[in-house]
Amino acid sequence: MLLNSLKRNFFHGKTFSRNKLDLRAFCSADSITQNTSTIEELIRKQRWSKLRTHLKTTNPTSLLQQLFDSGADPVLILGFFNWSTRELSMTYSLEFACRLLHSLANAKMYPKMRSFLHGFVKNGSFNSVSSIFHALSLCSDSLCDNSIIADMLVLAYVKNMKPRLGFEAFRRAGDYGLKLSVLSCNPLLNALVKESQSESMEHVYKEMRKRRIEFDVISFNIVINGLCKAGKLNKASDVMEDMKSLGVLPNVITYNTLLDGYRKKAKIGKMYKADAIMIEMAESGISPNEITFNILIDGFCKDGNISAAMKAFEEMKSQGVKVDVITYNSLTNGLCSCGRFDEVVGLHEQMLCSGLKPNAVTYNALLNGYCKKKMVDQARRLFDDITNQGMIPTVVTYNTMIDVYCKDGRMEDAFMLRNSMLDKGLLPDISTYNCLITGLCRKGDFEGAKNLKNELINKGLRADCVTYNILIGALCKKGESKRAAKLLDEMFKVGLNPSHITYNTLMDGYCKEGNLVAALNLKTRMEKEKKLANIVTYNVLIKGFCQKGKLKEANGLLNELLEKGLIPNQTTYEIVRGEMMEKGIIPDIEGHLFNFSGSS
DNA sequence: ACTAGGCAGA
């Protein structure tokens with residue numbers, strides 16, 4: 001009630017409030033009007049020290065109230081608001097902030113609102129999103145103004161790296177029937193994608209359609225990218241169809257994003273859709289650019305299909321698309337991964353001839369090639385060349401070399417390299433530590449590994465999911481899955497999101513100790529955490545049950561994974577085949593592998 | 001809004 005009359009007083013005509021003030025001036029001995037106009041003058045001229053003395057007798061809150069009541073220029077009120085929060089450490093109630101926002105909105109001072117909200121979100125994180133929306137709705141029932149404010153609030157959260165709060169604000173805006181725009185929704189979608197919050201991202205997308213928020217091609221591209229990143233390629237294609245049906249035409253970035261989705265998939269033959277996508281692009285009159293080709297080439301290389309990559313490379317050149325250092329690096333990486341070092345020489349010359357300068361990634365690709373082929377001496381020679389001949393080594397260069405030493409069991413060499421990083425002005429990162437921790441664990445030195453984890457934390461680094469996966473794996477290997485489980489709990493405590501690998505590793509530990517109950521409980525737990533069991537999960541469990549002679553259960557798991565649409569892989573077949581041989585059954589074709597039920 | 005290098009699981 002009170003608020004309603006207040007806001008009417010505030011928004012509907014300065015005349016009313018002036019009348020009221022005139023009346024007050026009439027009645028009271030000291031003229032508030034005059035006082036207020038003096039103050040306004042001080043703020044306008046930024047006489048802050050004089051204002052300070054003034055405030056010895058009046059408190060800032062009632063002064064702010066006065067400014068509002070007198071219908072002062074919103075820019076002045078904003079000036080006072082900002083100054084007093086900054087210099088006097090004032091905190092005003094949400095209601096004041098909302099009134100200020102509304103008066104700015106009334107005056108269409110949008111940039112001022114944006115920067116106000118930016119600061120508000122940065123410092124005022126103690127205000128819950130729901131309380132802000134509540135206060136906004138009490139202040140005014142102009143859906144239009146509140147929508148603009150909500151839109152800017154969402155954006156402010158996102159820009160301040162608070163996408164979860166931006167997401168909450170997005171939802172509240174829906175509850176209050178406020179309409180948002182792509183100006184806030186696109187950055188929100190993108191932030192959620194960057195944080196790998198694909199569920200929330202999909203929710204925003206669906207809501208945007210429900211609320212009939214206008215999409216642009218960028219909105220769709222972000223959504224498609226998010227879905228690709230989450231491995232949901234079919235959904236990504238569906239969204240592409242959605243956009244076409246809504247009259248938004250895919251552009252080269254849309255197609256690049258989709259191609260990149262296939263590239264990122266860890267599957268053999270993953271680029272099988274590439275041709276079809278390229279044809280569709282051509283039919284839509286969209287020319288591939290250097291990014292398109294770079295994605296294609298890298299994808300083919302990662303797929304082990306060097307000839308397809310080379311074909312794309314030739315096509316790229318014949319179409320006159322600019323070849324850059326990324327193109328060459330992808331090819332170099334592809335050739336090195338296959339051990340085709342001879343061909344790299346020619347490619348490297350071609351690169352230099354076209355005036356392109358190799359960079360750290362180029363040499364790291366070569367170094368990594370040697371490391372993968374266990375050519376440790378060649379690797380070290382190249383490494384010394386890089387560090388001595390004026391090329392700039394990066395943390396990745398060191399990590400690659402450190403890793404190969406660790407894999408080779410040469411821990412002293414690995415630690416020496418780690419120590420020499422500092423001389424080059426390079427700081428070991430979490431991956432450096434993860435390589436070393438893996439090396440120590442492999443040597444059975446769990447205590448050393450644990451100490452290294454403490455060291456990295458003391459150096460201001462954060463143990464990541466990989467660190468924990470390594471340590472959990474090491475404990476499981478020692479038959480200490482109980483201790484490993486404690487590390488899983490620790491991950492939640494330090495705010496890490498365990499990955500599939502985390503759960504699968506611990507589950508494997510339980511299985512090896514014959515604790516199948518714990519293994520199954522862990523599967524339930526991971527599904528509760530929205531990590532769906534994958535093929536590795538099932539392989540671990542099936543192997544565990546087989547080893548205990550529980551073939552019925554193993555078979556049940558096989559059926560379960562098939563029902564879920566998971567595809568058995570090489571390891572699955574090996575486990576099952578091994579089990580059948582044991583039972584004296586001769587496995588023949590794939591279809592017969594799953595017929596050992598009932599034999600236990 | 002889209003492109004290149006290293007570390008962890010059966």
Side-chain angles (χ1 to χ4, degrees), chain A residues 182 186-187 189-190 193-194 216-226 228-229 251-261 263-264 289-299 301-302 324-334 336-337 359-369 371-372 394-404 406-407 429-439 441 464-474 476-477 499-509 511-512 534-544 569-572 574-575:
Chain A
V182 289
N186 286 356
L189 284 168
N190 200 35
V193 169
K194 291 250 159 72
D216 58 15
V217 64
I218 298 178
S219 329
F220 284 109
N221 287 349
I222 299 169
V223 172
I224 291 172
N225 188 34
C228 285
K229 213 179 148 200
N251 62 13
V252 65
I253 297 182
T254 320
Y255 287 104
N256 288 351
T257 306
L258 201 58
L259 276 172
D260 188 50
R263 184 186 69 88
K264 284 199 187 101
N289 61 16
E290 68 273 21
I291 297 179
T292 319
F293 281 107
N294 284 347
I295 294 168
L296 270 183
I297 290 170
D298 191 61
C301 283
K302 294 259 163 64
D324 61 16
V325 65
I326 296 180
T327 321
Y328 280 103
N329 287 350
S330 294
L331 285 167
T332 306
N333 191 39
C336 289
S337 301
N359 60 17
V361 180
T362 320
Y363 298 110
N364 290 345
L366 193 53
L367 184 68
N368 186 40
C371 291
K372 275 203 182 125
T394 64
V395 177
V396 177
T397 318
Y398 274 90
N399 289 351
T400 307
M401 199 63 219
I402 288 172
D403 184 54
V404 76
C406 288
K407 287 209 168 93
D429 65 5
I430 184 62
S431 292
T432 318
Y433 279 96
N434 285 344
C435 293
L436 292 167
I437 289 172
T438 310
C441 286
D464 66 5
C465 214
V466 177
T467 320
Y468 280 92
N469 292 350
I470 300 162
L471 293 173
I472 286 171
C476 286
K477 213 171 177 182
S499 66
H500 281 94
I501 297 181
T502 321
Y503 290 106
N504 292 345
T505 308
L506 181 56
M507 204 176 289
D508 189 44
C511 286
K512 286 205 172 108
N534 62 17
I535 187 63
V536 180
T537 319
Y538 280 101
N539 286 346
V540 168
L541 287 171
I542 290 169
K543 194 172 177 185
N569 61 14
Q570 195 66 37
T571 313
T572 325
E574 276 163 21
I575 297 165

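Protein chains get the first letters and strands the later ones, always in sequence-line order, with residue 1 at the start of each. If you're wondering where the values come from, they're calculated on a predicted model, not measured in any experiment.
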Quickly work out the [X] [atom1] to [N] [atom2] distance and round it to whole Å.
X        : N     : atom1 : atom2 : answer
A:Ile470 : B:dG9 : CD1   : C1'   : 11 Å
A:Asn434 : B:dG9 : CG    : P     : 12 Å
A:Asp298 : B:dC2 : CG    : P     : 16 Å
A:Phe293 : B:dA4 : CZ    : C1'   : 17 Å
A:Tyr468 : B:dG9 : OH    : P     : 18 Å
A:Tyr328 : B:dA4 : OH    : C1'   : 14 Å
A:Asn329 : B:dA4 : CG    : C1'   : 6 Å
A:Tyr363 : B:dG5 : OH    : P     : 18 Å

Nearest-nucleotide pick for [X], side chain only, options being [options]:
X        : options              : answer
A:Asn333 : B:dC2, B:dG5, B:dC7  : B:dG5
A:Asn294 : B:dA1, B:dC7, B:dT3  : B:dT3
A:Asn190 : B:dA8, B:dA1, B:dT3  : B:dA1
A:Ile291 : B:dC7, B:dG9, B:dC2  : B:dC2
A:Val466 : B:dG9, B:dA8, B:dA4  : B:dA8
A:Ser330 : B:dC7, B:dA10, B:dA4 : B:dA4
A:Thr571 : B:dC7, B:dG9, B:dA10 : B:dA10
A:Asp260 : B:dT3, B:dG5, B:dG9  : B:dT3

Looking across every strand, which nucleic acid part, if any, lies under 4.0 Å from [X] by heavy atom: base, sugar-phosphate, or nothing?
X        : value
A:Asp216 : nothing
A:Thr332 : nothing
A:Asn504 : base
A:Val540 : sugar-phosphate
A:Lys512 : nothing
A:Ile253 : base
A:Asp429 : base
A:Thr257 : sugar-phosphate

Polar side-chain contact [X]-[N] base: donor and acceptor under 3.5 Å:
X        : N      : value
A:Asn359 : B:dA4  : yes
A:Asn251 : B:dA1  : yes
A:Asn569 : B:dA10 : yes
A:Ser499 : B:dG9  : no

Does [X] place a side-chain N or O at less than 4.0 Å from the phosphate oxygens OP1/OP2 of [N]?
X        : N     : answer
A:Arg263 : B:dC2 : no
A:Lys302 : B:dG5 : yes
A:Asn225 : B:dC2 : yes
A:Lys229 : B:dC2 : no

Ignoring hydrogens and angles, state whether a donor on the side chain of [X] or [Y] is under 3.5 Å from an acceptor on the partner side chain.
X        : Y        : answer
A:Asn569 : A:Asn539 : yes
A:Asn359 : A:Thr362 : yes
A:Asp216 : A:Ser219 : yes

Closest non-hydrogen atoms of A:Cys465 and A:Thr502, given as atom of the first, atom of the second and distance, are SG-OG1, 3.9 Å
Taken in chain and number order and not counting sequence neighbours, the residues that satisfy side-chain contact (heavy atoms from CB on, under 4.5 Å) with A:Leu366 are A:Cys336, A:Phe341, A:Val344, A:Tyr370, A:Leu382
Residue set satisfying side-chain contact (heavy atoms from CB on, under 4.5 Å) with A:Lys229, at least two apart, ordered chain then number -> A:Val193, A:Ser196
Is any side-chain heavy atom of A:Asn434 less than 4.5 Å from a side-chain heavy atom of A:Asp464?
-> yes
